[in-house]
Structure formats: structure tokens, C-alpha cells
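In what follows, a structure is listed as C-alpha cells, so that the remarks can point back to it.
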Amino acid sequence: MAKADEKAITPQSEDFSAWYNELVLKAELADRGPVRGTMVIRPYGYRIWELIHDALDLRIKATGHENAYFPLFIPESHLKREAEHVEGFAPELAVVTHAGGHELEEPIVVRPTSETIIGEMFAKWISSYRDLPLLINQWANVVRWELRPRLFLRTTEFLWQEGHTAHADEADAQRETMVATEFYEQVAREFAALPVIVGDKTPSERFAGAVRTVTLETLVRDGRAIQSATSHYLGTNFSKAFEINYTSSDGEQALCHTTSWGMSTRMIGAVIMAQGDDKGLILPPRLAPYQIVIVPIGRDADLVPVVTETGRLADEIRGLGIRVKVDDRTTLSPGFKFNEWELRGVPLRIELGPRDLAAGVATLANRLTGEKTTVPLDEIGQQMSARLDEFQDALYQRALDFREAHTLTATSKEELADAVATGFALALHCGQKSCEDAIKEDLGATARCIPLDGEPEEGRCAYCDASSAYGKRILFARAY
RNA sequence: CGGGUUGUGGCGCAGCUUGGUAGCGCACCUGCUUUGGGAGCAGGGGGCCCCGGGUUCAAAUCCCGGCAACCCGACCA
């Protein structure tokens with residue numbers, strides 16, 4: 001018998017990075033591509049993305065947006081039209097200089113995001129206030145030449161959706177920014193079982209070219225923050241650069257106010273890091289490729305009735321709209337399968353063997369609690385939906401408890417240092433970029449956001465003791 | 001771009017100090033036995049030892065020069 005510790009992944013407490021890297025590969029979520037920083041998303045990982053996609057796409061459409069597709073290639077000159085935007089993205093651009101066997105007259109950039117090309121098209125399509133708001137979304141890949149890649153969290157090429165909208169005035173555009181924020185929060189909470197802190201980015205952390213950036217911050221189990229989605233109010237910055245104008249009802253020319261917002265495959269990384277444990281992944285049922293796995297146990301003559309009952313159960317459960325997998329591989333022992341499906345994060349496992357059949361029950365194992373219970377065979381189908389819902393809720397509650405236990409308020413440099421060492425810190429801050437930089441240098445932490453729902457408070461900056469800005473505590477953490 | 005570590009069958013590693021033509025575990029294939037927490041025994045297949053030079057009768061091993069990957073920092077969804 002192989003020793004368990006030879007097959008198990010490195011425990012989180014021993015080396016969180018190693019735990020994450022091994023888990024992504026061993027759970028067959030993704031693999032590294034041949035070009036540094038690229039990622040192959042394997043079927044099991046891609047299915048999770050599809051489930052995120054479906055949840056989000058439904059909400060995007062329900063709020064009046066339409067999907068479209070814009071080109072991967074952008075003329076370099078277009079990207080340069082919005083000054084802050086170019087500056088923000090220049091270091092991470094992949095540029096095509098040769099094509100068709102010749103050097104190109106003008107280099108072509110592989111999109112790092114699509115504000116510019118979409119702005120260009122919006123300018124063409126919008127002429128009257130009657131054309132507004134224009135609400136577009138695209139599902140696409142983008143490329144950012146990252147210096148330090150990490151599967152799902154930061155890859156050179158990644159998948160996302162990017163919403164782009166144009167509005168007649170600021171109020172409508174700001175409202176739009178919050179519409180996107182709300183459905184991101186829903187997907188995070190209801191699908192990924194992740195509590196998020198929603199807030200504004202500080203000026204230094206804002207998207208290049210944005211007037212306002214709203215972010216959703218998630219705490220993962222090594223005490224660091226992951227930005228799981230962002231929504232930007234772009235003001236008229238891109239409208240000016242791309243001449244996105246319209247004629248108002250009183251005949252005046254006016255600039256559109258635009259927004260953009262995105263959620264990417266990084267979300268999968270957040271789920272892995274926030275929900276996993278030493279045994280591996282724990283998937284929220286609503287994002288699990290397989291919500292239930294059934295492991296038949298037995299051999300030869302014993303196995304025949306087991307297989308029959310397994311098939312009947314699987315059909316019954318599948319008929320309820322639950323994603324179920326029967327692991328009927330004959331060359332592997334039950335113990336091996338238990339460990340493998342636990343590593344891969346399947347929420348519930350049904351074990352069915354001769355002993356169960358004789359008693360008219362099935363054994364139900366819970367990935368979160370590790371508990372095994374028996375359930376009468378004629379009740380199991382009707383119980384599964386509720387059990388999955390309970391699992392989803394319990395997982396959310398666990399993440400919420402964890403976050404609350406790892407969120408501290410800080411009123412001094414020392415308290416700030418202690419708080420960010422283990423999780424989120426809520427502290428008053430002076431609002432100076434130089435102070436944010438010093439915190440980053442000194443503590444490795446950044447201002448994650450100015451929470452929308454913070455209590456009003458004034459006082460001294462926890463780090464430099466100058467008078468506080470923002471009128472409330474802001475969130476600091478070490479971040480991915 | 002700095003600092004560190006590592007390149008040896010698919011994966012994880014030993015061998016390198018003290019040169020003699022490659023080994024272990026897992027995985028894989030075959031057979032028999034096995035199946036309620038990572039099965040056992042027996043047999044078997046698979047390696048340009050990262051690349052290029054050099055030293056030597058002889059290099060995975062020593063010398064010089066590259067390259068790559070990963071981890072830790074600076075940039076970022």
C-alpha cells in the first residue's frame with residue numbers, strides 16, 4: 001500500500017504556495033502552457049468557468065446588455081489616444097511587429113482590454129441621445145505580459161467578460177457601474193460562496209483611465225486579498241479620446257459617459273484559495289462540475305446489484321437537475337477514489353456497496369465536514385437538492401466566519417502591521433499616495449478599497465498620523 | 001530586472017564530493033489474487049542525464065559558456 005503522505009499535497013499551513021500549485025495541477029484544473037505564463041485550462045477547470053460564465057451571462061443579459069465580439073488585434077496608435085490608459089498598460093503589452101512575412105508599417109497590439117477598440121466603434125455607432133445607453137458585453141481572451149505568473153491568478157493570457165457601456169450623463173453611467181457591481185456580488189456570494197467587501201479603489205489603485213473603480217475584495221485562507229472583479233466609471237476620458245459624441249434632445253453636442261467592468265478566470269483562483277483545505281479543493285455546489293460522485297463498491301457477483309442500484313440512483317439524481325458522476329473505474333480501490341474526489345472538491349459523495357444494499361441505505365460523505373451518514377435508498381434522491389443547498393450555505397458561512405476572524409481594526413502602525421500579517425485591516429488613512437507607498441514598502445500591504453458601507457469616522461492616519469481622509473476606515477491587506 | 005533553488009524515463013527524486021557509460025519510488029503494460037480510506041505478488045517496457053564547448057583513454061559526474069523552469073521581491077484582472 002502506498003503511503004498516504006507520498007500522494008497527498010503539501011498542507012496549507014506548511015507552504016500555501018506549494019499547496020495551491022500542486023492542487024491546481026493534481027486536481028486537473030489546469031496545466032502550464034509551453035510559453036511562460038500561459039495556461040491550459042483542463043476540462044474540469046473549464047467546466048467551473050462555464051458555470052461562472054452561465055451565471056454571469058444570465059445576469060448581464062437580464063440587465064439589458066447584449067453580447068458582441070471585437071477583434072483581438074488593436075492598432076498601436078489607438079491605444080495611445082488615452083494618455084493614462086497607454087501609460088498603465090504599456091509595460092505589459094504583447095506587440096505584433098511582423099505578419100504575412102513582412103515587418104508591419106504600424107505595430108499591432110494584442111488587446112490587454114478593449115476600451116480603445118470598443119470606444120472607436122461606439123463613436124461610429126452613437127450619434128443621438130436616442131442611441132443611449134449602449135450596453136455591450138463581450139466574452140474574450142486578453143493578453144497582459146505578466147512578470148510573475150500564477151495559474152488562474154495571473155496568467156499571460158486569461159479569459160474574462162468585459163462590459164462596455166455608453167451613457168448620456170454621469171448619473172446614468174454611475175448607476176451602471178453599480179448594476180455590474182451588484183451582479184458580481186451575487187455571483188461571488190451565491191455561486192462561489194464568497195463574501196466580498198465592495199468599495200472604491202484609492203486613486204493610486206484605480207484602473208488606468210478610470211475616474212472611479214469599484215472593486216470586490218475577497219479574503220483567502222493565507223490571509224491575503226484577491227480582487228475578484230472590478231467596475232469602472234470612465235467619465236468622459238475615453239469619449240474625449242475617441243470622440244464618442246451624441247446630439248442631445250435640445251440639439252447640443254455632448255460627450256458620452258462610459259463604463260467598463262470585468263470578471264475573469266482569476267475568480268477560479270479565488271475559489272480555490274478561499275475554499276480549499278489540506279485535503280484539496282472544496283467546490284461550492286453551484287460551481288462544481290460534479291456536485292455528487294457515486295462510488296460503487298464490490299466485486300464480481302457482489303458488484304452486479306450494486307451497479308444496477310448505482311445506475312438507478314444516478315438517473316434519479318440526474319433527473320433532478322443535479323450534476324452527478326458515477327466513478328465506475330474497476331482498477332482503482334474505493335479508498336483511492338475517495339481521496340481523489342476529495343482532492344478535486346466534489347461536495348457530496350455517495351458510497352454504495354453490498355453492506356449498504358443489504359441495509360437498504362447508501363453512505364453519504366460530506367466534503368466539508370468529513371462526516372459520513374447513512375440515508376435510506378428510497379429517500380436519497382429527494383434529499384439531495386436540500387443537502388447541496390445546505391452545503392452551499394455552510395461553505396459561505398465558513399468563509400464569512402474566517403473573514404470576520406481575520407479582519408482587525410488598526411489605529412497605529414503596529415496594529416496595522418499585525419492585522420495585515422493575518423488578514424484584512426480596517427484603518428483610517430490620510431489619503432496620501434506617499435503614505436500608501438510607504439505602507440506597501442514597509443508592510444507589503446496595499447489599500448484594497450474604501451468600503452461602500454463603512455461607518456463615518458474621522459481621526460488620524462493609522463500609519464503616518466496625519467488627518468484622515470475618506471471619512472471612514474479603509475481596507476488594507478497583502479494582495480495577490 | 002534583482003535574490004534563491006533546480007534541470008536525470010510521464011511525475012517525484014537519488015547518483016555528482018572521490019569520472020568507468022544510470023538507479024529508486026509512484027505511474028504505465030501483462031498475469032494471478034484483491035476492492036468499505038491511496039491493494040498485493042511476479043514479470044515487463046520506457047532515459048538525447050537541459051543545450052554548446054572543453055579536459056580525459058573514458059563525463060550525468062570536473063571546467064567554461066549559454067538556456068529554461070520554479071520560488072521570493074518590484075508591475076498587474
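Source: prediction; values computed, not measured. By convention in this document, chain letters (A, B, ...) are assigned in the order of the sequence lines, proteins followed by strands, and residues within each chain are numbered from 1.
- Shown here, G45(B) forms no base pair; nothing in the strands shown gives a Watson-Crick or G-U wobble contact with both key distances under 3.5 Å.
- In this entry the distance linking CG of Leu147(A) with P of A74(B) reads 12 Å, nearest Å.
- Comment: Glu66(A) does not engage Lys61(A) in a salt bridge, judged by the lack of any side-chain N to carboxylate O separation of less than 4.0 angstrom.
- At a threshold of 4.0 angstrom between heavy atoms, the contacts of Leu303(A) with the nucleic acid are absent.
- Arg59(A) and Phe191(A) make their closest contact through NH2-CE1, 3.5 Å (heavy atoms, listed as atom of the first residue, atom of the second, distance).
- For Arg144(A) against C76(B), no side-chain N or O and base N or O form a donor-acceptor pair under 3.5 Å.
- Out of C75(B), G38(B), G37(B), the shortest distance to the side chain of Ser333(A) is found at G38(B).
- Residue Glu340(A) places no side-chain atom within donor-acceptor reach of the base of G38(B), judged by atom type and a 3.5 Å distance cut-off alone.
- Looking at Arg329(A) and Glu340(A), a side-chain N of the basic residue comes within less than 4.0 Å of a carboxylate O on the acidic one, giving a salt bridge.
- Taking 3.5 Å as the limit, the base of A77(B) and the side chain of Ser264(A) contain a donor-acceptor pair of atoms between them.
- No close placement of the Trp160(A) and His53(A) rings is indicated, their centers lying 6.0 Å or farther apart.
- Nucleic acid contact for Leu332(A): base, since at least one base atom lies under 4.0 Å from a heavy atom of the residue.
- Taking atom P in both A14(B) and U6(B), one finds a spacing of 9 Å when rounded to whole Å.
- Residue Glu146(A) is classed as a base contact, given a heavy-atom separation below 4.0 Å to a base.
- Rounded to the nearest 0.5 Å, atoms CZ (Arg266(A)) and CD1 (Ile272(A)) are 12.5 Å apart.
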Fill in: Base versus backbone protein contacts along nucleotides 7-13 of chain B [heavy-atom cut-off under 4.0 Å; B, S, -]
-------

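- When Watson-Crick and G-U wobble pairs are counted only if both distances are under 3.5 Å, C24(B) pairs with G12(B).
- Between the side chain of Thr363(A) and the base of G36(B), a donor-acceptor pair under 3.5 Å is found.
- One atom, CG of Leu343(A), and another, P of G37(B), lie 18 Å apart when rounded to the nearest Å.
- Pairing for G65(B) is with C51(B), a Watson-Crick or G-U wobble pair whose two hydrogen-bonding atom distances lie under 3.5 Å.
- No side-chain heavy atom of Ile74(A) sits less than 4.5 Å from a side-chain heavy atom of Ile108(A).
- Here, G45(B) and U5(B) have their C1' atoms 33 Å apart, quoted to the whole Å.
- For the C1' atoms, the distance from A60(B) to C51(B) is 14 Å, rounded to whole Å.
- Base engagement by Gly353(A) is indicated by at least one non-hydrogen atom pair under 4.0 Å involving a base atom.
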Worksheet item: For nucleotides 66-71 of chain B, read 5' to 3', which letter fits each nucleotide if B means a protein heavy atom sits under 4.0 Å from the base, S means only the sugar-phosphate is that close, and - means neither?
Response: ---SSS

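- Using a 4.0 Å cut-off between charged nitrogen and carboxylate oxygen, Glu146(A) and Arg148(A) do not count as a salt-bridge pair.
- Counting to the nearest Å, the P atom of A77(B) and the CG atom of Leu151(A) are 18 Å from each other.
- Glu436(A) has its CD atom 16 Å from the C1' atom of C75(B), to the nearest Å.
- Between A69(B) and G46(B), the two C1' atoms lie 24 Å apart (nearest whole Å).
- One atom, CG of Asp222(A), and another, C1' of C72(B), lie 14 Å apart when rounded to the nearest Å.
- Spacing of C1' atoms, C49(B) relative to U8(B), comes out at 4 Å, to the nearest Å.
- In terms of phosphate contacts, Lys440(A) brings no side-chain nitrogen or oxygen within less than 4.0 Å of OP1 or OP2 of G73(B).
- Nearest-nucleotide positions on RNA chain B for Glu441(A) and Pro334(A) put Pro334(A) closer to the 5' end.
- Annotation: U18(B) and A22(B) have their P atoms spaced 23 Å apart (nearest Å).
- Here the separation of C11(B) from A27(B), taken at their P atoms, is 15 Å to the nearest Å.
- Under a 4.0 Å N-O distance rule, the pair Asp277(A)/Lys279(A) does not qualify as a salt bridge.
- Look at G38(B): it lacks any Watson-Crick or wobble partner with both distances under 3.5 angstrom.
- Of the two residues contacting RNA chain B, namely Phe207(A) and Glu342(A), the nearest-nucleotide position lying further toward the 5' end is that of Glu342(A).
- Here the separation of C28(B) from G2(B), taken at their P atoms, is 43 Å to the nearest Å.
- Checked options Glu115(A), Glu162(A), His232(A); the residue passing with Ser260(A) is Glu115(A) (criterion: side-chain hydrogen bond (donor to acceptor under 3.5 Å, both in side chains)).
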Extract all donor-acceptor atom pairs below 3.5 Å that involve side chains of residues 27-38 of chain A and protein atoms in other chains or at least two apart in sequence.
| from | atom 1 | to | atom 2 | distance (Å) |
| --- | --- | --- | --- | --- |
| Arg36(A) | NH2 | Leu147(A) | O | 2.9 |
| Thr38(A) | OG1 | Val35(A) | O | 2.6 |

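- Atom pair Glu162(A):CD and A77(B):P shows a separation of 13 Å (rounding to whole Å applied).
- For the side-chain contact (heavy atoms from CB on, under 4.5 Å) criterion with Arg111(A), the lone passing option out of Asn141(A), Thr116(A), Ile117(A) is Asn141(A).
- Shown here, C70(B) forms a base pair with G4(B); the pair counts as Watson-Crick or G-U wobble because both key distances fall under 3.5 Å.
- Residue-level contact check: Thr155(A) touches the bases, meaning some heavy atom is under 4.0 Å from a base atom.
- Across all strands shown, nothing is found opposite U56(B) as a Watson-Crick or G-U wobble partner with both distances under 3.5 Å.
- For Arg349(A) and G37(B), the CZ to C1' distance is 8 Å, given to the nearest whole Å.
- Phe336(A) does not qualify as a stacking partner of the A39(B) base, lacking a centre-to-centre distance under 5.5 Å together with planes within 30°.
- Look at CG on Asn339(A): it is 13 Å from C1' on A39(B), rounded to the nearest Å.
- Between Glu120(A) and Arg81(A) there is a salt bridge, since at least one side-chain N of the basic residue sits less than 4.0 Å from a carboxylate O of the acidic one.
- Residues His429(A) and Phe476(A) bring their aromatic ring centres within 6.0 Å.
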